A.B. asks: 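Pasting a structure here, questions to come.
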Amino acid sequence: MPEDKKRGVTIVVFSGELDRALAAFNIANTAAAMDLPVTMFFTFWGLGVIKKEEGKVGSGNWMKRMMNVMDRGGAKRLKLSKMNMGGMGTAMMKKLMAQHNMPALGEMIKMADQLGVRMLACTTSMALMGLDEKDFIPSVKEFVGAATYVGNALDSDVNLFI
Amino acid sequence: MPEDKKRGVTIVVFSGELDRALAAFNIANTAAAMDLPVTMFFTFWGLGVIKKEEGKVGSGNWMKRMMNVMDRGGAKRLKLSKMNMGGMGTAMMKKLMAQHNMPALGEMIKMADQLGVRMLACTTSMALMGLDEKDFIPSVKEFVGAATYVGNALDSDVNLFI
Amino acid sequence: MPEDKKRGVTIVVFSGELDRALAAFNIANTAAAMDLPVTMFFTFWGLGVIKKEEGKVGSGNWMKRMMNVMDRGGAKRLKLSKMNMGGMGTAMMKKLMAQHNMPALGEMIKMADQLGVRMLACTTSMALMGLDEKDFIPSVKEFVGAATYVGNALDSDVNLFI
């Protein structure tokens, strides 16, 4: 491949909703299965997607703890961006996915890890929300700022903000 | 044009809201009018944008039918993502657009078709929602998975997720 | 740098929410600080991000005025996309940012201007909302249509829709 032909995909995962997280991992895993390097940069509400299920509430002052109580995160707790209907829509969607033998979000995250998708957590957002490295699932191995993301995006062909 | 100079635009239409659909088609049609190849990949709620107006409710079990009743889709039925105000904001926006001789969403979709914009429907989302090929407007001629989208995006200059 | 190596970032700012505006300016300023040319194209609700604080209500008929009353805009008035909780969540987020010595949105916009980020306002959206050039902060110097944005995006490496 000529050097000027970049290849690769980056995805900023800003949203903490189930449907958007599913879309992000669907694209990421598809691209990774096509042998493309894939980088996901989780920022703001997107940090909720990669938080541990046990969901510690975060350290620091009462405001940070409150933010974390309101938005506890973890792949199993995410809700649809619309038609959540008090949880019923989200439950229905999960059931439909299971009926169609589609992997749940947690499985897609594991798959991404196995396929070599790099998952980066945004340190600026982490500071804001009082989260530290041990609050995240083990698939998240890099904790970086926006400059690292921008550098990655410059070297990639497809860059999405979800 | 040298071979390494890619040209073209892809847009993932994930959202099923009127304002975001308008933005997607505005960019798509502008690019197509500039003679660029444009591909739109409709997935998840975005399928609602290209569903037939008559809006059949979908086949399959009661959950799918219920999903389709709640979110019937079709370009005329979409709502604003904010300031919908029980439909009043959406109606006002449509009126303002007409006053400014701006095309309605339905007209923009027809225009896109005439300009050669490729409209792809995501088969994974279709399965989930119990929709099949005949549920979509005739401008939608390709029914594909995420790999087709990723392949298109790699060959394009500008890739957006809306 | 060889001519076929494009560099640069464009961001469509469609959303008028505080968190998404912060994410947009964070990426924009980071890239600009890395000496990359950055263009932001404000459209639809995104126009609210760059409206003057004094917030005139817009000219034209009652519908435009009403739209502007409902969504007055200006960097200080934006709300979070989730957990706004009647303004409490937004206020908490702003306080947390101040505690961490993070710049407020207004400061980030000034910084962007100083770093040479080009801020374009979408004329189609302006017409729809009854806004004209003097309704925007001085950092906004160009008023253009979607074709200008697409042209910019074709010459850039990283193109995001936020």
Side-chain angles (χ1 to χ4, degrees), chain A residues 1-15 17-38 40 80-85 88-104 108 153 156-162, chain B residues 2-6 8-17 20 41-48 58 60-72 78-79 81 84 122-130 144-162:
Chain A
M1 209 179 304
E3 220 195 345
D4 57 1
K5 270 280 195 187
K6 300 175 303 171
R7 299 271 97 177
V9 175
T10 73
I11 303 177
V12 180
V13 184
F14 169 92
S15 305
E17 283 130 354
L18 177 61
D19 40 6
R20 292 188 170 258
L22 287 169
F25 276 96
N26 190 15
I27 295 173
N29 289 357
T30 301
M34 291 162 78
D35 257 329
L36 299 163
V38 179
M40 300 175 92
L80 290 176
S81 65
K82 60 185 258 196
M83 288 187 31
N84 179 52
M85 303 182 287
M88 199 175 75
T90 298
M92 269 168 57
M93 181 62 71
K94 288 182 178 177
K95 207 157 184 179
L96 277 175
M97 287 173 63
Q99 282 180 359
H100 285 276
N101 295 314
M102 290 177 196
M108 291 183 78
S156 298
D157 248 335
V158 180
N159 301 297
L160 303 173
F161 184 101
I162 297 188
Chain B
E3 218 195 348
D4 57 0
K5 272 278 196 188
K6 298 174 305 169
V9 176
T10 72
I11 303 176
V12 179
V13 184
F14 170 90
S15 305
E17 283 129 355
R20 293 188 169 257
F41 181 63
F42 295 85
T43 185
F44 232 87
W45 313 112
L47 288 180
N61 62 32
W62 67 270
M63 278 197 288
K64 287 183 191 176
R65 286 196 308 270
M66 187 160 159
M67 288 299 238
N68 279 290
V69 171
M70 302 295 299
D71 185 39
R72 197 163 268 222
L78 306 184
K79 297 185 184 81
S81 66
N84 179 51
C122 169
T123 45
T124 309
S125 304
M126 284 167 59
L128 203 57
M129 300 190 179
V144 301
T148 302
Y149 157 71
V150 173
N152 262 281
L154 287 173
D155 290 335
S156 298
D157 249 334
V158 180
N159 301 298
L160 305 172
F161 184 99
I162 298 188

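We name chains A, B, ... by the order of the sequence lines, and we start the count at 1 in each one. Values in this document were obtained by computation on a predicted structure and should not be read as measured data.
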A.B. asks: Report the C-alpha separation of V158(A) and Y149(B) in whole Å, then their side-chain angles, then the decisive distance to 0.1 Å, and conclude whether the side-chain contact (heavy atoms from CB on, under 4.5 Å) test is met.
C.D. replies: CA-CA 11 Å; V158(A) 180; Y149(B) 157 71; 4.2 Å; yes
A.B. asks: Taking side chain as everything from C-beta outward and backbone as N, CA, C, O, which of these in T124(B) sits under 4.5 Å from a heavy atom of chain A? Side chain, backbone, both or neither.
C.D. replies: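 Contact with chain A is through both the backbone and side chain of T124(B).
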A.B. asks: Which atom pairs, one a donor and one an acceptor, fall under 3.5 Å between side chains of residues 23-36 of chain A and the rest of the protein, sequence neighbours left out?
C.D. replies:
| unit_1 | atom_1 | unit_2 | atom_2 | d |
| --- | --- | --- | --- | --- |
| N29(A) | ND2 | M108(A) | O | 3.1 |
| T30(A) | OG1 | N26(A) | O | 2.6 |

A.B. asks: How long is the span from the OG atom in S15(A) to the CZ atom in F161(B), to the nearest 0.5 Å?
C.D. replies: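 One gets 8.0 Å once the value is rounded to the nearest 0.5 Å.
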A.B. asks: Once you round to the nearest 0.5 Å, how far does CE of M97(A) lie from CG of L128(B)?
C.D. replies: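 One finds 6.5 Å between CE of M97(A) and CG of L128(B).
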A.B. asks: Measure the CG-CZ distance between L80(A) and F44(B) for me, rounded to the nearest 0.5 Å.
C.D. replies: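 Spacing of CG (L80(A)) from CZ (F44(B)) equals 6.0 Å.
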A.B. asks: Grab the two heavy atoms, one from A127(B) and one from M102(A), that are nearest each other, plus how far apart they are.
C.D. replies: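 The pair with the smallest heavy-atom distance is CB-CE, 4.4 Å.
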A.B. asks: Please identify each residue that fulfils side chain to side chain donor-acceptor pair (under 3.5 Å) with S81(B), with sequence neighbours left out.
C.D. replies: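 Counting only residues at least two positions away or on another chain, S81(B) forms a side chain to side chain donor-acceptor pair (under 3.5 Å) with D19(B).
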A.B. asks: For the atom pair CG (L160(A)) and OG1 (T10(B)), what is the distance rounded to the nearest 0.5 Å?
C.D. replies: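 Answer for the CG-OG1 pair, L160(A) versus T10(B), is 7.5 Å.
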